[in-house]
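So the structure is just underneath, and the comments pick up after that.
Every heavy atom of this structure was used, including side-chain atoms; hydrogens, water molecules and symmetry mates were not. Computed from a predicted structure; not experimentally measured.
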Amino acid sequence: MAISFMATCHLKQPHTPEDKDCVMMVSSSGRTVLSRYTGQAVRAVPIRVITVGKKRAEGVRLLVDEYKTKLKPYCSFEDSLVRSNPRNAQDVRAQVEDEEVGIMKLIGPDDWVVVLDERGRDVDSEQMAELLGDAGNSGASRISFCIGGAYGHGREVRKRANVTIRLSSMVLNHQIALVVLMEQLYRAWTILKGQNYHH
């Protein structure tokens, strides 16, 4: 089931006070925070983060566990690790295709799929919150965030994406990308709830 990305117009340009769908908030630091969903009921769609890689560093595991705990009050969360280069292929294309098979097995037909890729759209924290809000309103059964391996995502994963974003204009190691994503998911939920975390 394909689900269209409803926040496309909001990802192209930063919000302005004229945006009718946005709620303006001023944080304690005086920074204006804009979100269409702040203070509104947002359906908490379960989140699955699919990462391609091998055994994670201890520090990464600790941070991921910390943010899993922080996300519990907001939504159910699942962290799935797909083994990188499962057949030890020498050919890069074969490696990416093998990893893609593992990712596609984890994506359900009603999932709202967000692919993380260096060529994706830049999103700020408020736009990440809107992405979660849009997914909640879309009827999707789950949001699946996909972090690729060393050589990125295959064609089928890219085609399946409802939206493709990037966390930075710099290329990030998949473990670092996972930690950044986890923190941003937590931050997004605090924005949606109007809580005093995002300044």
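- In this structure the side chain of Leu132 reaches within 4.5 angstrom of the side chain of Leu185, judged on heavy atoms.
- Annotation: Gln90, atom CD; neighbour count of heavy atoms from other residues, nucleotides and ligands within 6.0 Å does not exceed 12.
- Counting heavy atoms from C-beta on, the side chains of Arg56 and His174 never come closer than 4.5 Å.
- Taking all atoms of both residues into account, the shortest heavy-atom contact from Ala161 to Val115 is CB-CG2, 3.5 Å.
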Quiz prompt | Check against side chain to side chain contact (heavy atoms under 4.5 Å, CB included), Met128 and Leu181 | solution = CA-CA 10 Å; Met128 179 66 89; Leu181 176 62; 3.9 Å; yes

Side-chain donor-acceptor pairs under 3.5 Å in residues 145-152, sequence neighbours left out?
none

Quiz item: Run the side chain to side chain contact (heavy atoms under 4.5 Å, CB included) check on Met182 and Lys68 step by step: do they pass?
Solution: CA-CA 8 Å; Met182 296 289 290; Lys68 278 185 192 176; 4.0 Å; yes

Quiz prompt | side chain to side chain contact (heavy atoms under 4.5 Å, CB included) assessment of Trp189 paired with Cys75 | solution = CA-CA 9 Å; Trp189 270 109; Cys75 64; 3.8 Å; yes

Quiz prompt | Trace of the side chain to side chain contact (heavy atoms under 4.5 Å, CB included) decision for Thr51 with Val82 | solution = CA-CA 6 Å; Thr51 312; Val82 172; over 6 Å; no

Quiz item: Given the rule in the salt bridge (charged side-chain N to carboxylate O under 4.0 Å, His left out) test, do Arg119 and Asp117 qualify, once you have shown the distances and angles that lead to the verdict?
Solution: CA-CA 5 Å; Arg119 293 174 296 271; Asp117 184 89; 3.5 Å; yes

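- The backbone N or O of Arg166 sits nowhere less than 3.5 Å from a side-chain atom of Arg121 that would complete a donor-acceptor pair.
- With a 4.5 Å cut-off on side-chain heavy atoms, Arg187 and Ile191 count as touching.
- Taking every heavy atom of both residues into account, Ala140 and Val45 meet most closely at O-CG1, 4.0 Å.
- Using a 4.5 Å cut-off on side-chain heavy atoms (C-beta onward), Val52 and His153 make no contact.
- When the options Arg142, Lys105, Arg160 are evaluated for a salt bridge (charged side-chain N to carboxylate O under 4.0 Å, His left out) with Asp111, the one that passes is Arg142.
- Just one of Val157, Asp79, Ile107 meets the side chain to side chain contact (heavy atoms under 4.5 Å, CB included) condition when paired with Ile50; it is Ile107.
- Counting heavy atoms from C-beta on, the side chains of Leu192 and Tyr74 never come closer than 4.5 Å.
- Remark: the backbone N or O of Val113 is paired with a side-chain donor or acceptor of Asn162 at under 3.5 angstrom.
- Of the possible donor and acceptor atoms, none in the side chain of Arg83 sits under 3.5 Å from a partner among the backbone N and O of Lys55.
- The shortest distance between side-chain heavy atoms of Asn85 and Glu99 falls below 4.5 Å.
- In the hydrophobic clustering of this structure, Val49 does not group with Leu81; members are Ile, Leu, Val, Met, Phe, Trp, Tyr whose side-chain heavy atoms approach within less than 4.5 Å, directly or through other members.
- Looking at heavy atoms from C-beta onward, Glu156 lies out of side-chain contact with Val101 at the 4.5 angstrom threshold.
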Quiz item: Checking side chain to side chain donor-acceptor pair (under 3.5 Å) for the pair Ser125/Gln184: CA distance, chi angles, key distance, verdict?
Solution: CA-CA 7 Å; Ser125 297; Gln184 285 299 306; 2.7 Å; yes

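- With hydrogens and angles disregarded, no donor-acceptor distance shorter than 3.5 Å links the side chain of Ser76 to the backbone of Lys72.
- Under the 4.5 Å side-chain criterion, counting only non-hydrogen atoms from C-beta, Ile47 is not in contact with Leu71.
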